[in-house]
A.B. asks: 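A single structure is presented below for examination.
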Amino acid sequence: MRPRLPDTKLKPAAAPPRRPPPPPAAARLLSTAAPPSDPCHLQQQQQQQQLDLDDHIARGDLTRARHLFDRMPDPDARAYNSLIRAYSWRGPAHAAGALALYAAMLRDARCPPNKYTFPFVLKACSALQDLRAGRAIHRHAARAGLHADLFVCTALIDLYMKCARFVPAAAVFHAMPARDAVAWNAMLAGYALHGMYHHALECLLRMQEGCASLRPNASTLVALLPLLAQQSALCQGKSVHAYSVRASLHDKDGVLVGTALLDMYAKCGELLYARRVFEAMPIRNDVTWSAIIGGFVVCGRMTEAFGLFKDMLAQGLGFLSPTSVASALRACASLADLHIGKQLHVLLAKSGLHSDLTAGNSLLSMYAKAGLIDEATALFDEMAAKDTVSYSALVSGYVQNGMADAAFLVFRKMQACNVQPDVATMVSLIPACAHLAALQHGKCSHGSVIVRGMAPETSICNALMDMYAKCGRIGLSRQIFDVMPARDIVSWNTMIAGYGIHGLGKEATALFLDMNNHACEPDGVTFICLISACSHSGLVTEGKRWFHMMAHKYGITPRMEHYISMVDLLARGGFLDEAYQFIQSMPMKADVRVWGALLAACRVHKNIDLGKQVARMIQKLGPEGTGNFVLLSNMFSAAGRFDEAAEVRIIQKEKGFKKSPGCSWIEINGSLHAFIGGDRSHPRSPEIYQELDNILVDINKLGYQADTSFVLQDLEEEEKEKALLYHSEKLAIAFGVLTLSEDKTIFVTKNLRVCGDCHTVIKYMSLVRRRDIIVRDANRFHHFKNGQCSCGDFW
DNA sequence: CTAGGGTTAG
């Protein structure tokens, strides 16, 4: 019986033309003078062809090699093996060719595969992660009496390991009559590939035990070091370094070991050592440069990373690779340095690397993070090849730029194009649901994540917790938090922040204390979440206490963001002067955002005098961003200085800052209904406005009076009341009152902060219409019930 | 040996 042909995932290449291969007459005439029937001559010719074949392969010219091979009248096993070997080393694209050639070899009864064939076809299977083909080849090898061959077994271990079949790999390994360092390395590298630190370490120790003790070689270290880097196992990394020096391993494979070492140091945060290893390397390649540049970027040392990138370019373009550009682009993205980013774009185009997928994805992400979402979209459309990463980058780009609805469209397009979403895609998409407070979409995404088996992933759980919290289901957030298999610092921070926006300061504090019991160290973000949770609950004294604890007990130096939270805490709590004093005492110059927090509170507490002072500060610093223009203009309006208010708005317009219109939306049966102030585009507008008018009549009876200080424009008093009455949040709530049955909570989301008048009106609405109303604004949750709001006066 | 997309804060 003929052996079964191995399966290949890719379409096998056509088998080379076999006997009788009528050699083209012209070719024969050119290549030979003697008659072809001379056996001696044939042998010579074959030898020459084999030499030529090896020569092409040595020069890496596989096309020529294949061409020559196809013309060989009578290829022997050696010729097959040479080409199979060459294919098997060239990555997945050529691995399919190797398997096809092997299949042809099986059909060619005159030269059966031998012990030089099997290891290389197995290597090709490993590149393709084709277990079925691998098992078939294993059977062929066993039939050829090679089941215990060192090379066959090692290749088989490599294949099983790559496919995460640890038990069969170990079985082959233990059945081997003898094991050399390469076999041990295959086991160790397999464990390292899957991040199995303890298994890999045990391999390392065991190989050095017993009478057949083997010393780790350069390959061992090169497999081991990335694992140590991932674990931030600096001490072990250092001993590996020492060992490599003692064993003179740095001489033979200086580039590989050196690069792995410097990468390990960089990932452990030891840039000084990384740099020293780098400087000491006599030979560097493109990977070395990528590793050192990437190391500085990962540690946040962007300027030095750019410096290294320039050093690299100073040596010519020989070391330039998509990888190093990707790291540099990441630095641009995090610094929002569009200038350098564009230069890198040009550099990529000039060096012909712009069609590289990695480089394209980095560019796309850089533009999206810089806020140039149109550029990013254009780039995406132009990309010849797109993968999961490209789609995910665009999804998160839209979310980051506040276009959550567009993110869903990209996601749908991705599915239509049969590109499979992975963990990162879903982690990008779920915040879109959170942003829209689209609970139905969120639940759908949750379901999809469960179906795809991603539900236990920490980052997925974190995103889901945040989504449920922002959709008003803090209980569901806590459920996920309680059952998730592993929690990281983001999980704790997300949960604390979730309690914060719900005004549950006590719960946030309790969770923070619990964190210490779980041996989880709080970070800078934890305290921002905690202090803002206190701020939303009016726990001013506690917030102040945490701020001091942060520096003195936890050794975290306050950043600008912490000062913003503190000013918000003090000012929102009514301690405006103390907040002002606090800003004065800051060790650094206060940011516009710090003053903005104070200004917002001045507005809430209607402290015009201080507000004017703060407004002057903000004007001096330059308002930077729409929010402060709006606050500034509001301040002047509230003080009755409408000319100045108008002036601010004109400057805002001139500078190109668009105020995003106040927009509120409500999800009914999975569809979102959005409203802007005075909006009459909704089909049920007449009913909605009628309902609002009715409500106004009812609440006026209860003593409500419009607080027209929240109207920005210079209007007649009655007009002002109208402008207030039709604020977007009121429209959305009225629509909710009309469409939802009385037992349902009305959940409305607003992109800006709820104004003071709306806050009062909604309290009354909850009373006269006997409804539970939740409004999520840009800041927090407001739960209105029986004429009260959960936030009391702290909104 | 390196590298692209992702979750928390105001």
Side-chain angles (χ1 to χ4, degrees), chain A residues 218-219 221-223 225-226 229 253 255-264 266-267 285-295 297-298 321-330 333 356-366 368-369 387-397 399-400 421-431 434 457-467 469 488-498 500-501 523-533 535 559-569 591 593-594 596-597 600 627 778-779:
Chain A
S219 306
L221 305 193
V222 167
L225 280 166
D253 274 308
V255 182
L256 265 59
V257 176
T259 305
L261 276 172
L262 83 81
D263 180 61
M264 179 275 297
K267 293 223 171 85
N285 63 14
D286 54 332
V287 182
T288 317
W289 280 102
S290 294
I292 191 77
I293 293 168
V297 171
V298 165
S321 64
T323 317
S324 54
V325 180
S327 289
L329 280 168
R330 220 177 112 176
D356 180 87
L357 192 55
T358 300
N361 290 338
S362 314
L363 268 178
L364 165 54
S365 167
M366 187 272 295
K369 289 207 177 88
D387 65 357
T388 306
V389 177
S390 328
Y391 280 96
S392 309
L394 198 61
V395 167
S396 82
V399 178
Q400 283 158 7
D422 64 6
V423 170
T425 319
M426 297 312 287
V427 169
S428 309
L429 186 73
I430 294 169
E457 292 283 334
T458 303
S459 56
I460 291 275
C461 291
N462 294 345
L464 285 172
M465 279 161 54
D466 181 54
M467 183 274 293
D488 62 8
I489 182 70
V490 178
S491 321
W492 290 91
N493 294 351
T494 305
M495 199 62 230
I496 292 173
I501 56 175
D523 67 359
V525 177
T526 313
F527 284 95
I528 297 172
C529 299
L530 187 60
I531 294 168
S532 81
S535 168
R559 292 196 317 249
M560 192 65 79
E561 281 78 3
H562 295 104
Y563 290 107
I564 298 172
S565 301
M566 278 304 287
V567 169
D568 183 65
L569 171 85
D591 200 279
R593 296 171 298 169
V594 178
N779 216 276

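Naming convention: chains lettered A, B, ... in sequence-line order (proteins, then strands); numbering from 1 in each chain.
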A.B. asks: Side chain of A:Asp466 only, please: which of B:dG5, B:dT7, B:dC1 is the nearest?
C.D. replies: B:dT7

A.B. asks: Hey, does A:Ser428 have a side-chain heavy atom less than 4.5 Å from the side chain of A:Val399?
C.D. replies: no

A.B. asks: Just to be sure I understand the rule, does A:Ile531 reach a base, reach only the sugar-phosphate, or reach nothing, if contact means heavy atoms closer than 4.0 Å?
C.D. replies: nothing

A.B. asks: A:Ala497 has a side chain; which of B:dC1, B:dT8, B:dG10 sits nearest to it?
C.D. replies: B:dT8

A.B. asks: Nearest heavy-atom pair of A:Ile531 and A:Leu569: which atoms, and what distance?
C.D. replies: O-CD1, 4.0 Å

A.B. asks: Please state whether the base of B:dT2 and the side chain of A:Ser290 form at least one donor-acceptor pair under 3.5 Å?
C.D. replies: yes

A.B. asks: Under 3.5 Å, is there any donor-acceptor pair linking the side chain of A:Asp422 to the base of B:dG6?
C.D. replies: no

A.B. asks: Is it the case that B:dG5 (base atoms only) and A:Ser392 (side chain only) share a donor and an acceptor within less than 3.5 Å, ignoring hydrogens and angles?
C.D. replies: yes

A.B. asks: Atom CG of A:Leu394 to atom C1' of B:dG6: distance rounded to whole Å?
C.D. replies: 14 Å

A.B. asks: Looking at every strand, decide which applies to A:Ser491 at a 4.0 Å heavy-atom threshold: base, sugar-phosphate, or nothing.
C.D. replies: nothing

A.B. asks: Counting only side-chain nitrogens and oxygens, does A:Lys369 get under 4.0 Å of the OP1 or OP2 atom of B:dG6?
C.D. replies: yes

A.B. asks: What is the distance, to the nearest angstrom, from the CH2 atom on A:Trp492 to the C1' atom on B:dT7?
C.D. replies: 17 Å

A.B. asks: Taking only the side-chain nitrogens and oxygens of A:Lys267, find out if one of them lies under 4.0 Å from OP1 or OP2 of B:dA3.
C.D. replies: yes

A.B. asks: Can you measure A:Met467 atom CE to B:dT8 atom P for me and round it to whole angstrom units?
C.D. replies: 13 Å

A.B. asks: Identify whether any heavy atom of A:Gln400 sits under 4.0 Å from a base atom; if not, whether one sits that close to sugar-phosphate; answer base, sugar-phosphate or nothing.
C.D. replies: sugar-phosphate

A.B. asks: If you take all heavy atoms of A:Thr494 and A:Asn462, which pair is closest and at what distance?
C.D. replies: CG2-O, 3.8 Å

A.B. asks: Establish whether the base of B:dG6 is bridged to the side chain of A:Ser459 by a donor-acceptor pair shorter than 3.5 Å.
C.D. replies: yes

A.B. asks: For A:Pro322 and A:Ala359, which heavy atoms make the closest approach, and how far apart are they?
C.D. replies: CB-CB, 4.3 Å

A.B. asks: For A:Asn285, answer base if it contacts any base atom (sugar-phosphate contacts may also be present), sugar-phosphate if it contacts only those atoms, and nothing otherwise; contact means non-hydrogen atoms under 4.0 Å.
C.D. replies: base

A.B. asks: Any idea which of B:dA9, B:dG5, B:dG4 is nearest the A:Asp387 side chain?
C.D. replies: B:dG4

A.B. asks: Check whether the side chain of A:Asn462 and the base of B:dG6 form a donor-acceptor pair under 3.5 Å.
C.D. replies: no

A.B. asks: On the nucleotide B:dG6, are OP1 or OP2 found under 4.0 Å from the side-chain N or O atoms that A:Ser396 carries?
C.D. replies: yes

A.B. asks: Separation of A:Met426 atom CE from B:dT7 atom P, in whole Å?
C.D. replies: 14 Å

